[in-house]
Amino acid sequence: MKEFKYTIDGKEYNVVIGEISEDYVADVTVNGEEYKVQMEKPAEPEKKKVVVNPQAAKAAASEEEGSAPAANVNVNNAVKAPLPGVVTEIKVNVGDEVAAGDTVVVLEAMKMANNLTAENGGKVTAVLVKVGENVLEDTPLVVIE
């Protein structure tokens with residue numbers, strides 16, 4: 001039971017809202033007079049939008065570009081994001097040869113550009129991210145074998 005006091009055009013109204021039935025009829029008392037008030041049904045909760053799994057989208061995109069699908073990539077040899085950020089530049093492509101210390105990805109984190117380098121030399125076998133993509137810490141970015 002909820003009680004409210006309203007003043008409309010200088011006249012006071014004491015309103016008590018009692019039980020509300022399953023068919024949305026409320027027992028309402030206004031200044032001692034009882035009423036049955038039909039209420040609108042509450043709006044249905046908005047259905048959640050379907051969001052494509054980013055990993056699945058990356059796999060589909062990499063298949064279209066001709067690189068290996070994410071499921072077949074050995075991420076043990078990947079350059080991983082050291083902290084959360086946004087990929088601002090990818091400096092290598094699949095098939096490129098890189099040396100240890102070469103910059104492969106530029107990651108913006110905390111408003112600073114961070115050059116991520118290859119730990120070992122080798123051939124780039126997969127690029128797992130796109131420019132503008134948000135990544136979390138330890139997200140594999142580029143695989144070098």
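Since the structure is predicted, the reported quantities are computational estimates derived from the model, not experimental observations. Note: hydrogens, waters and symmetry copies are ignored here, and every other heavy atom, side chains too, is used.
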Heavy atoms of P140 and A78 approach each other most closely as CB-CB, 3.8 Å

Single-linkage hydrophobic cluster V86~V105, side-chain heavy atoms < 4.5 angstrom: no

Atom pair CG/OG1 of L128 and T139 - distance to nearest 0.5 Å: 10.0 Å

Spatial distance of atom CG (N134) from atom CD (E108) [nearest 0.5 Å]: 10.0 Å

Does atom CD (E119) have a neighbourhood of more than 12 heavy atoms from anything else shown, all under 6.0 Å? no

According to a hydrophobic-cluster definition based on side-chain heavy atoms being under 4.5 Å apart (Ile, Leu, Val, Met, Phe, Trp, Tyr only), do V98 and V106 belong together? no

Interatomic distance, K91 atom NZ to L116 atom CG [nearest 0.5 angstrom]: 11.5 Å

I need the full list of side chain to side chain donor-acceptor pair (under 3.5 Å) pairs touching residues 14-25, with sequence neighbours left out, sorted by first then second residue. S21-D23

Distance-only, no hydrogens or angles: does the N114 side chain make a donor-acceptor pair with backbone N or O of L107 under 3.5 Å? yes

Can you check side chain to side chain contact (heavy atoms under 4.5 Å, CB included) on L83 and M110, steps first, answer last? CA-CA 10 Å; L83 64 167; M110 300 187 302; 4.2 Å; yes

Can you tell if the side chain of V92 reaches within under 4.5 Å of the side chain of I144, non-hydrogen atoms only? no

Look at the side-chain heavy atoms of Ile, Leu, Val, Met, Phe, Trp and Tyr, link any pair under 4.5 Å apart, and say whether I8 and I17 land in one connected group. yes

Less than 4.5 Å apart, any side-chain heavy atom of V127 and any of N93? no

Just verifying a value: how many Å separate E133 CD and L141 CG, rounded to the nearest 0.5 Å? 8.5 Å

Are V30 and V15 close enough that some pair of their side-chain heavy atoms sits under 4.5 Å apart? yes

Are V28 and F4 in one and the same hydrophobic cluster, where Ile, Leu, Val, Met, Phe, Trp and Tyr link if side-chain heavy atoms are under 4.5 Å apart? yes

How long is the straight-line distance from OG1 of T88 back to CG of N115, given to the nearest 0.5 Å? 8.5 Å

Which pair of heavy atoms, one from A118 and one from V79, lies closest together, and at what distance? CA-CG2, 4.3 Å

Atom pair CD1/NZ of I90 and K130 - distance to nearest 0.5 Å: 9.5 Å

Side-chain contact, heavy-atom cut-off 4.5 Å: E12 with T7? yes

Transitively linked via ILVMFWY side-chain contacts under 4.5 Å: Y6 with M1? no

Side chain to side chain donor-acceptor pair (under 3.5 Å) contacts in which one or both residues fall within residues 29-41, not counting sequence neighbours: D27-K36, E33-Y35

